[in-house]
Asks: 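Supplied in structure tokens, the structure appears directly below.
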Amino acid sequence: MAQELFPAQLRLWWALFMLLSVATVGAHAATSLDGFLVPGRSWAVDAVSVAAAVVLLSAGFLGRRAGRGQGQGHASEEPLLNGAREADNENSSSADGAGASLLTGAGFLSVLTFSWMAPLLSVGHRKTLVLEDVPSLESGDSVAGLLPSFMANLEALTRDGDSSSRKVVTAFKLTKALLRTVWWHVAVTAFYALVYNVATYVGPYLIDSLVQYLNGDERYASKGPLLVLAFIVAKALECLSQRHWFFRLQQAGMRARSALVAVVYQKSLALSSQSRRSRTSGEMINIISVDADRVGIFGWYMHDLWLVPLQVGMAMFILYSTLGLASLAALGATVVIMLANVPPGKMQEKFQENLMDSKDVRMKATTEILRNMRILKLQGWEMKFLSKIIELRKTETNWLKKYLYTSATVTFVFWGTPTFVAVVTFGACILMGIPLESGKVLSALATFRVLQEPIYVLPDTISMVIQTKVSLDRIASFLCLDELPSDAVQRLPSGSSDFAINVNNGCFSWEASPEVPTLKDLSFQARPGMRVAVCGTVGSGKSSLLSCILGEIPKLSGEVQTCGTTAYVSQSAWIQSGKIQENILFGKEMDAEKYDRVLESCSLKKDLEILPFGDQTVIGERGINLSGGQKQRIQIARALYQDSDIYLFDDPFSAVDAHTGSHLFKECLLGDLGSKTVVYVTHQIEFLPTADLILVMKDGRIAQSGKYDEILGSGEVFMELVGAHKDALTTLDAIDSMNGGNVPSPSSGKANPKLSRSLSSVEKKDKANNDEENAQSGQLVQEEERERGRVGFWVYWKYLTLAYKGALVPFVLLAQILFQILQIVSNYWMAWAAPVSKDVEPPVSMSILIYVYVILALGSSLCILASTDQSEVDTNISNHMGFVAFSVIQLIGIIVVMSQVAWQVFVVFIPVFATCVWYQRYYIDTARELQRLIGVCKAPTIQHFAESITGSTTIRSFGKENQFVSTNSHLADAYSRPKFYNTGAREWLCFRLDVLSSLIFAFSLIFLINLPTGLIDPGIAGLAITYGLNLNMLQEWVVRGMCTLENKIISVERILQYISIPAEPPLVMSEVKLAHNWPSSGEIQLHNLHVKYAPQLPFVLKGLAATFPGGMKTGIVGRTGSGKSTLIQALFRIVDPTIGQILIDDVNICTIGLHDLRSRLSIIPQEPTMFEGTVRSNLDPLGEYSDDKIWEALDCCQLGDEVRKKELKLDSPVIENGENWSVGQRQLVCLGRVILKRSKILVLDEATASVDTATDNLIQKTLRQQFSETTVITIAHRITSVLDSDMVLLLDNGVAVEHDRPTKLLEDKSSLFSKLVAEYTMRSVHT
């Protein structure tokens, strides 16, 4: 690791020495210009001291000493925490892939001229950059290097003066901690800023002298070359300091962002459930995607607060030296303008806050909709929810409009500033009788132009300070949220105690108020190796019991102790996007033997064979391409592989079919985990007899506990559950006795010959095609696309013509051109009409001079107002477009003015400009791809953050916080890398452009002083130089603006890319008129149905042919992953058949609109979903039914009493994802929706998986009553729920193996169906 060679104090001293030397030279130059003699010795001393200062300063800031040999750190430098060590290793391994940082070993000249960027630029010019080509960061820029110091600073600040344990983070403390972390950058950029600002005022100060020299003034006779030298040196200093100032500022901003993202991420993993519910995931994501970025961008504006007074002070000094007392008028005008900006600034702040809030709400709604898109499509609600988003976007646009109108006024004030100040100042001169000479006028005009910048920047800075403060407040308030108390659970090391879990007099509540405890009087103990089963009805507190062992639920009283490590399997599966193997290993080393055993126990082998890439298959966000059962089994595999001491299972068996369920129970719980402590929540009574302890929950209490036989007769709660189970089994016995004789044992009977049937010809063809395709394309989840090469002109065109078909564009351009012309004309007028010196007769009287100037100035200001008002799309890009157009027009203006004086300027200008354009083309190849990489690298950070929030319970229960923090750091660095080199590349370009434009300026100056006196009007010559002073700034503006615009327009390109993703078929087809009562009989026919999820993937359903008769109940059974859910998706046209067709009442469903189809079918989906809102909006989002109907439905689905208990009744709130309702209750809400809708066809996809047997029986009864005439298709894991069906369809690997009446299938002892039933009864025989 490179380290600084000299201590900071020394380097600071050298910087001051440099400043002092330059100041002395300046003073001597000024003295000699005023006609006093400066001895030669002084000049010599000056030269030596400046040279020495340059050498010392460059050594101080650019010299580095290498660390002790790579990786041979001294023991005292070893990180204290192993977690940090692992993170370091991970970072170093990531760095090796990309090569070391380019800046680390760079020499003095290379750093000075940014040549260290050359290797990357040449790679980017040769080929399209990918992330691997981007070198790694310096250690100080990576999260691993930044975080420890930032955390230490923050700790120190939040602790001091606060004796209480609770740490309070405020925006101020956060800012202070950030400044302490990047203080070196702050100090060095302050120095650069100072040099730059002094250098910019040299030009205006010397112009008067130059005009006098050109006019032939004797005092300045021999000073020509000296003046030119002063101009050129000042220009060079200005260029160098500005480039390094900007570069270091952005580096500091990037560091601030990385540090904040890391801290917020760590905080999000530690939030208590209370805090977690106070913030939606949308708000949390905005904190890292918007607020942290905003703080990073603030780096640009950091020094403006103290620079503005300094710049105004220097401007006043120059004005005073040329215009005397009239400069006070200029000061007054400046102050007035600055004050005029306060009210719009205040309004801007308010609008900005409202804009951010409305953005939060919209983001949140959008995320919820995207997350539950499948449900919306199945229910046919997408238009309703789309209109909700459009409404929210409308509110947001309203705030945006207000925000833009206020910024338009602010912009107007700015561009009018120089003219306004000039009019006031020159007016004051005339009133005071101060003579206006062209040299003085030009000096003043040049000063006003330089002064325009601080005034222009001030409101920008103020609004940026405001926005950043809002963001810092949001981050600080997030960091103040309560964390999970570390003392909620006493965690003892493995083997140190004779119990594994001990809960004593526990009282817990999800709500902060102790009045309504969720769990009360909890006391139980589990010894190592015990199996504890938890059962009870829906909403009785089973999941909360597991949460209290994990310490997730706030503890009101009592104590909880666990001994050893824990593993947890949640009720709704949490899967990370990534490979299946990564999900199972979950950060552990690969141990092939153990891994194989785990796959075997979780019966994942077969599923992995079906998946195109086995365990290397990439899972989509939230496991989108896996069935519910596969997700659960991957979760269980993850827990098994961790090899913990205590296992907590939250009803994972409900999501898998009966066969797999009993296999998992046998292999995992009784087999692999035989020696471990296992607590499992279950609704399946047949899993209870093997438990050593059964806890029966009711209303948050343990109603009964003991072994199965002990509690069987001792209380009605348990009897209710078992009774319900017995009812279910009697159905079986009835069928069984009809068939006469016993059910076959699973081992007897031959394998079904139909299973081994050959592949159909379609499949063979398809398989052949598939093998030819390359591997990557076979993944359902593709890498995020990015365009390559130049951004097409069509993107700009599309953007410009979106608003009013582009009608405003010509007006905006015209207004800007007029503004520029009037500005130049007014300055020309002043230069021509003012006399060169006191003894020359002025061409017009003073009053005419001022009147004409005022008229021209007013004209130009009005033009600018006309043009700013139009850029009304979303803020950033339109501003950049306007900015580029404006700078181009100004640049042309300057060149025209300069060539007036010396047309020879063109001789230099044309080749120089050509070189500039060449540089810009060379640079843009790299910059554009880096910008695209920034876009592509930002998404994974946000996605990882969102996933971590959802899975925080799982992450904590496995104790994997460190691993996730290090992944987050790794992703944050991957985002910073292209960002850092993008900044370097931009400064590389600007430095070269600055040098070139300084050449033009130097050439014009040398040309001017060598012309014979009197050949050219000195006033006009002075005007040319006044404009020339701005040349490099404008030329850089044009090129930088063009590049930034091309970089920014990439967001438009990405949006257009999203818009062009192929859409699903139309929702409504106007030409197809369906009978209003369709489907009347509800008959469904499948003809040779082949379905695959994407063209490059294999078939999931392979030639299904079956008929589901109208008004009858059909049960679909089969192993997890056999294509049951896919069949349902095909029925709802979530995926369209590749081959074959589905007919409902003789209508081919592919010929009607999606909305027509989905609104006539009903479904209770596998994953019960509730949306944020109220109970009413969840049951009836479209608002089609009366309250009585809704209550009736609630009573039918057993939720009526539960809702009546709540004070708001139907308007009781439902939070994000329905988290304040148990999974079972959410399932009942889904049932309620169906009862309200009463369609002719009803699909139950594992509808009762998350409820206990008693509730299940109630649901089945309700369905029988409510839907006696309906075609019901049931996918079920509990065999009993399909036994009373009229028909059973058994699927295996996408093929229909058996399709008949259940009684008929049970008669045939060799049928697969009778084997499944046999397994279920075997399991239940114990009970």
Asks: Answer yes or no: is there a side-chain heavy-atom contact under 4.5 Å between N583 and R638?
Replies: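 Contact flag for N583/R638 side chains = yes.
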Asks: Is a side-chain N or O of Y981 found less than 3.5 angstrom from the main chain of L102, in a donor-acceptor match?
Replies: yes
Asks: Ring pair (Phe, Tyr, Trp, His ring centres under 6.0 Å) between W300 and F246: does it pass, once the steps are laid out?
Replies: CA-CA 7 Å; W300 278 109; F246 283 179; 4.9 Å; yes
Asks: Quick one: list whatever passes side chain to side chain contact (heavy atoms under 4.5 Å, CB included) with D473, sequence neighbours left out.
Replies: A171, K469
Asks: So do the side chains of V168 and T170 get within less than 4.5 Å of each other, counting heavy atoms only?
Replies: yes
Asks: Apply side chain to side chain contact (heavy atoms under 4.5 Å, CB included) to the pair L269 and S948, showing each step before the final yes or no.
Replies: CA-CA 7 Å; L269 284 184; S948 307; 4.1 Å; yes
Asks: For the atom pair CD1 (I475) and CG (D291), what is the distance rounded to the nearest 0.5 Å?
Replies: 5.5 Å
Asks: Are any of the side-chain heavy atoms of V261 and N968 separated by less than 4.5 Å?
Replies: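 The answer is yes, as the side chains (C-beta and beyond) meet within the 4.5 Å cut-off.
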Asks: Judged by modelled atom types alone, do K979 and Q250 share a side-chain donor-acceptor pair under 3.5 Å?
Replies: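 Side-chain D/A pair, K979 to Q250: absent.
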Asks: Do R279 and S477 have side-chain N/O donor and acceptor atoms under 3.5 Å apart?
Replies: yes
Asks: Would you tell me whether S258 and S976 have side-chain atoms, one donor and one acceptor, within less than 3.5 Å of each other?
Replies: yes
Asks: Would the distance check show the side chain of R992 and the main-chain N or O of T113 forming a donor-acceptor pair, the cut-off being under 3.5 Å?
Replies: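 Yes.
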Asks: Mind checking whether R956 and E552 have side chains closer than 4.5 Å, heavy atoms only?
Replies: yes
Asks: Looking at L137, is its backbone amide N or carbonyl O close enough to the side chain of R977 to form a donor-acceptor pair, meaning the two atoms are under 3.5 Å apart?
Replies: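 Pair absent, no side-chain N/O of R977 close to backbone of L137.
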Asks: Against F958, only a single residue in F586, F964, W574 fulfils ring pair (Phe, Tyr, Trp, His ring centres under 6.0 Å); can you say which?
Replies: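 By the ring pair (Phe, Tyr, Trp, His ring centres under 6.0 Å) criterion, F958 pairs with just one of F586, F964, W574: F586.
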Asks: State the CG-CG distance between L310 and L305, to the nearest 0.5 angstrom.
Replies: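 If we round to the nearest 0.5 Å, L310:CG and L305:CG are 13.0 Å apart.
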Asks: Looking at D293 and K938, is there a salt bridge between them, counting it only when a charged N and a carboxylate O are closer than 4.0 Å?
Replies: yes
Asks: Measure the shortest side-chain to side-chain distance between R276 and M284 over non-hydrogen atoms and say whether it is less than 4.5 angstrom.
Replies: yes
Asks: So do the side chains of V465 and Y301 get within less than 4.5 Å of each other, counting heavy atoms only?
Replies: no
Asks: D482 and Q274: side-chain donor and acceptor closer than 3.5 Å?
Replies: no
Asks: Does the side chain of Q251 pick up a donor-acceptor pair with the side chain of T983 at under 3.5 Å?
Replies: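 Per modelled atom types, Q251 and T983 side chains form no pair under 3.5 Å.
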Asks: Indicate the ring-plane relationship of H303 and W306, choosing parallel, tilted or perpendicular according to the 30° and 60° boundaries.
Replies: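 Rings of H303 and W306: perpendicular, over 60°.
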Asks: Is there a donor-acceptor pair closer than 3.5 Å between any side-chain N or O of S115 and the backbone N or O of V111?
Replies: no
Asks: Taking N197 for its side chain and A193 for its backbone only, find out whether a donor-acceptor pair lies under 3.5 Å.
Replies: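 The answer is yes, because a donor-acceptor pair under 3.5 Å joins these two groups.
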Asks: Sub-3.5 Å donor-acceptor pair from the side chain of K173 to the main-chain atoms of L154, do we have one?
Replies: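 Between the backbone of L154 and the side chain of K173 there is no qualifying donor-acceptor contact (under 3.5 Å).
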Asks: Below 6.0 angstrom between ring centroids: does that apply to H944 and Y265?
Replies: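 Under 6.0 Å, so yes.
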Asks: Does K579 offer a backbone N or O that forms a donor-acceptor pair with the side chain of E582 under 3.5 Å?
Replies: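 Side chain of E582 to backbone of K579, a donor-acceptor pair under 3.5 Å: yes, one is there.
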Asks: Working to the nearest 0.5 angstrom, can you tell me the gap between L472 CG and F298 CZ?
Replies: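 Interatomic distance, L472 CG to F298 CZ, rounded to 0.5 Å: 8.5 Å.
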Asks: Let me confirm one number: the CD-CD distance from Q576 to Q943, rounded to the nearest 0.5 Å.
Replies: 9.5 Å
Asks: If I take atom CZ from residue F172 and atom CG from residue L157, how far apart are they, to the nearest 0.5 angstrom?
Replies: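 It is 8.5 Å, given to the nearest 0.5 Å.
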Asks: Kindly say whether W116 contributes a backbone atom to a donor-acceptor pair with the side chain of S110 at under 3.5 angstrom?
Replies: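 Such a contact is found between S110 side chain and W116 backbone.
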Asks: Might you work through the side chain to side chain contact (heavy atoms under 4.5 Å, CB included) test for Q581 and L585, ending with a clear yes or no?
Replies: CA-CA 6 Å; Q581 185 181 347; L585 296 181; 3.8 Å; yes
Asks: With a 4.0 Å cut-off, would you call E283 and R474 a salt bridge?
Replies: no
Asks: Please determine, by modelled atom types, if S275 and S278 share a side-chain donor-acceptor pair under 3.5 angstrom.
Replies: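 Side chains of S275 and S278: no pair found under 3.5 Å.
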Asks: Check the orientation of F114 and F247. Use parallel for under 30°, tilted for 30 to 60°, and perpendicular for over 60°.
Replies: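 The rings of F114 and F247 stand perpendicular, inter-plane angle above 60°.
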Asks: Measure from the side-chain N and O atoms of K267 to the backbone N and O of L479, and report whether any donor-acceptor pair falls under 3.5 Å.
Replies: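 The answer is yes, because a donor-acceptor pair under 3.5 Å joins these two groups.
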Asks: Output yes when a side-chain donor or acceptor of R294 lies under 3.5 Å from a complementary backbone atom of T468, and no otherwise.
Replies: no
Asks: Residues two or more places apart in sequence or in another chain: which of them pass salt bridge (Lys or Arg N to Asp or Glu O under 4.0 Å) with D304?
Replies: none
Asks: Rounded to the nearest 0.5 Å, how far does NE2 of H244 lie from CZ of F991?
Replies: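 Result: 6.5 Å between the selected atoms.
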Asks: Mind checking what makes side chain to side chain contact (heavy atoms under 4.5 Å, CB included) contact with P148, not counting sequence neighbours?
Replies: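 Side chain to side chain contact (heavy atoms under 4.5 Å, CB included) list for P148, sorted by chain: empty.
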Asks: Between F150 and L260, is any pair of side-chain heavy atoms under 4.5 Å apart?
Replies: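 Yes, their side chains come closer than 4.5 Å.
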